[in-house]
Amino acid sequence: MTAPSLTGPPTGPSLPTPSPTPRALLWEALRTRRRDLTLASLFFSSHQLGEALVPVIVGAAVGNAVQNGTPHQLAGWLGLLAADFLLLSLSFRFGARAAKRAAQHTEHLARGRLTAAVLRPTGGVRMLPGELLSRAAGDAARVGVFARTVASTVAAVVVLLASTLLLVRISPPLGALVVAGTAGLLAAQHRLSATLRRTSTTEQARQADAAALAEDLVRGLRVLKGIGAARAVAADYARVSQDAVRAARRAASAEAALLSLGTAFTGLYLTAVALTGGWLALDGHLNLGEFIAALGLAQFVIGPMRVVAAARAGHARAIASTTRIHEVLNTPPAVPDAGTRGEATRAAAGDGGAADRTAGGAPGAMEGGPAGAGGGAPGAVEGDVAAGGVARVVGGGAVVGGTAAAAVGAELAGGIGVEPWSGLEFRGVPLPGGAVLDARVPGGSMTGLVCDGPAAAEAVTALLAREFDPAEGRVLLDGVDLAAFPLDALRATALVCPHEPALLPGTLGDNLGALSDGADATAEGARAALADQVVDATPHGTDTSVGDRGETLSGGQRQRVALARALAARSTILVLHDPTTAVDAATEHTIAARVRRARADLTTLVITNSPAWLARCTQIVHAHGEGGSARCDTGTHAALLATSAAYRRTVTR
């Protein structure tokens, strides 16, 4: 098998530069749909103007009839009224379509950017799934809804201006009333919108807490029932749910106050217009047709005024939701990514210095070279290359003489991949609990790593997956710091299977072949992990649905399927963290023996305390102790059992 190259740009989801503020992010999302928003605003404005003309046309028709108008003239006014209704009907139809497109695409954009931030190779976002779901669903939807609100508000403002001009033409006092009423409404709403924005943010946060807890409870329901903790967690969820309900009530109250203020203002406004119009009609300043048109317009503009009133509430909610999305987009990456050839070349040239780290905390990977200016990507050279030494880089290639930049730049540009016998090395990497990992994992064999605590084992797994970089020390692949490689290519070459791998929604066959490079590899992986027994035990074989995250399978079945999926990838380096803790002892022994045969001549690291796996490893590394007594014992399983009391306590307890 040809190993994938560790060169070239990353292939993960692209992520645009985050906007500096939530408000800027909101308007940036709206600008991407400006064509649809423009069309929606134009059509909605045409619809609203058509509705505003209805009382004007009716008033003119009545006035003409009262002043001895002819049937022909009346028919003309009625035809004009019919044409107006046709105009406003078609305008609303096409405006609604454009507004719906704008809302859906804006929502999709917000959700897509959030998803890209979560899935970016450099990581950094560590929120619970329920919390992320709340932001991707509820918050993104509110951003989309606001897109439609913008179009409606533009139309409302246009028709308010047009109605004001018509009223001024009919009667200046009535036009002045509309202007004063609208200005007063907007000023009052501005004061209340800040309160609504705060309560809306709290509401979304409490709902996210409830969703996150519910997701955790559903995933662990079997375990909770087994240990009798169902009542306790139900009470905990009830408390969190009540907090969410109270936050929703406060947000609804703030929104209701904002809308009721608008209703009160419009009611007062309509009363003032009716009184003023009636007084002007009695005083002879308005004829009957003008009076009907003025009252009709005054009543009609209540609708646009309410739209303007609701727009402030919609904006406050959208800003609150955009703030939550913005938090995810601006989460700093957990690790830097030397994913472009330019970055790799700068790293090789020693931009970061001989032992400097990048701003993200990644270790440099160059020893003995000249000190750089700092701030660059991690280096990728071991040895005194600048002095004419030999540079050992990916794949074991060597370049004699030249500078660090020439050595590593040439090797990375050549596309040399990691070979099956490539090894891993840990140099002074501190682990949770106080142990310090300082050991080498030789290539082409199975090595066991024993840690005294689960936190230390999980930390090593995350380090090799480059979910974060060590605060001290270095992790090397074939002599080169992991930080020197593009993340996507590194993870494709060094496959890390965590203790609780997630199965994909779909069938058993989908999961078994998700990483496979062919049908033979899939079958081989299934046999080695005894996942073929899982297939035989299910009602529809490989077509059996595994449900969400494998919920239709038992814990042992999930582990076997996940292990088979990892083995089918035939990766150059495979890291397994406690792959069979949920299976019985006899099955575990069989799986360990088969994996040893399937991974012959390939590099495999098993992080476990299980004697079934450790007995089949060529070498064991036991990281234990803390502080000054921290040490790494190396040997075979049998030798360490015979010579190390600490090892015996760890693997036999």
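Keep in mind the model is a prediction, meaning the values are calculated, not measured. Keep in mind that the numbers below use all heavy atoms, side chains included, and drop hydrogens, waters and symmetry copies.
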Under 3.5 Å, side-chain donor or acceptor atoms of residues 457-464 against the rest of the protein: list the pairs with distances, not counting sequence neighbours.
residue	atom	partner	partner atom	Å
Thr461	OG1	Ala457	O	3.0

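Although no hydrogens or angles enter the test, the distance criterion places a donor-acceptor pair under 3.5 Å between the side chain of Asn511 and the main chain of Leu504. In this structure, Thr106 contributes its side chain and Ala103 its backbone to no donor-acceptor pair below 3.5 Å. Without hydrogens or angle criteria, Asp337 side chain to Thr122 main chain gives no donor-acceptor distance under 3.5 Å. For Glu467 (side chain) and Gly123 (main-chain N/O), no donor-acceptor pair under 3.5 Å exists by modelled atom type. For the pair Ser321 (side chain) and Ala318 (backbone), a donor-acceptor distance under 3.5 Å is absent. When atom types are taken as modelled, the side chain of Arg466 and the backbone of Pro336 share a donor-acceptor pair closer than 3.5 angstrom. Without hydrogens or angle criteria, Arg558 side chain to Gly550 main chain gives a donor-acceptor distance under 3.5 Å. A donor-acceptor pair under 3.5 Å links the side-chain atoms of Thr552 to the main chain of Ser545, judged by distance alone. Side-chain atoms of Ser516 do not come within 3.5 Å of backbone N or O of Ala569 as any donor-acceptor pair.
Annotation: salt bridge (charged side-chain N to carboxylate O under 4.0 Å, His left out) contacts of Asp578 (sequence neighbours excluded): none. For the salt bridge (charged side-chain N to carboxylate O under 4.0 Å, His left out) test, residues two or more places apart in sequence or in another chain that qualify with Arg111 are Glu107. Every salt bridge (charged side-chain N to carboxylate O under 4.0 Å, His left out) that Glu524 has, sequence neighbours left out, goes to Arg570. Residues forming a salt bridge (charged side-chain N to carboxylate O under 4.0 Å, His left out) with Glu327 (at least two apart in sequence, or on another chain): Arg135.
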- Message: Before you tell me yes or no, could you show the steps for Leu109 and Arg33 under side chain to side chain contact (heavy atoms under 4.5 Å, CB included), namely the whole-Å CA-CA distance, both residues' side-chain angles and the distance that decides it to 0.1 Å?
- Response: CA-CA 10 Å; Leu109 174 66; Arg33 305 308 304 176; over 6 Å; no
Criterion side chain to side chain contact (heavy atoms under 4.5 Å, CB included) on Ile573 and Leu605, from CA distance to verdict:
CA-CA 8 Å; Ile573 298 174; Leu605 175 64; over 6 Å; no
Run the side chain to side chain contact (heavy atoms under 4.5 Å, CB included) test on Val496 and Arg491 for me, step by step, so that the C-alpha distance in whole Å, both residues' side-chain angles and the decisive distance to 0.1 Å come before the verdict.
CA-CA 8 Å; Val496 178; Arg491 289 168 179 165; over 6 Å; no
- Task: Before giving the answer on side chain to side chain contact (heavy atoms under 4.5 Å, CB included), spell out for Arg113 and Glu28 the whole-Å C-alpha distance, their side-chain angles and the decisive distance to 0.1 Å.
- Result: CA-CA 12 Å; Arg113 292 194 63 177; Glu28 177 186 327; 2.8 Å; yes
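A donor-acceptor contact closer than 3.5 angstrom links the side chains of Thr581 and Gln559.
Side-chain contact between Val621 and Val441: absent, with no pair of heavy atoms (C-beta onward) separated by less than 4.5 Å. Here the side chains of Thr603 and Thr572 are not in contact, with every heavy-atom distance at 4.5 Å or above. Contact of the Leu482 side chain with the Asp469 side chain is not registered, since no non-hydrogen atoms from C-beta on lie closer than 4.5 Å. Taking 4.5 Å as the limit, some side-chain heavy atom of Arg599 sits within range of a side-chain heavy atom of Ser571. Looking only at side-chain heavy atoms (C-beta outward), His499 and Pro454 stay at 4.5 Å or farther from each other.
Below 30°, between 30° and 60°, or above 60°: for Trp27 and Phe146 the angle between ring planes is above 60°, a perpendicular geometry.
For residues 104-126, no residue pair satisfies the ring pair (Phe, Tyr, Trp, His ring centres under 6.0 Å) rule, not counting sequence neighbours.
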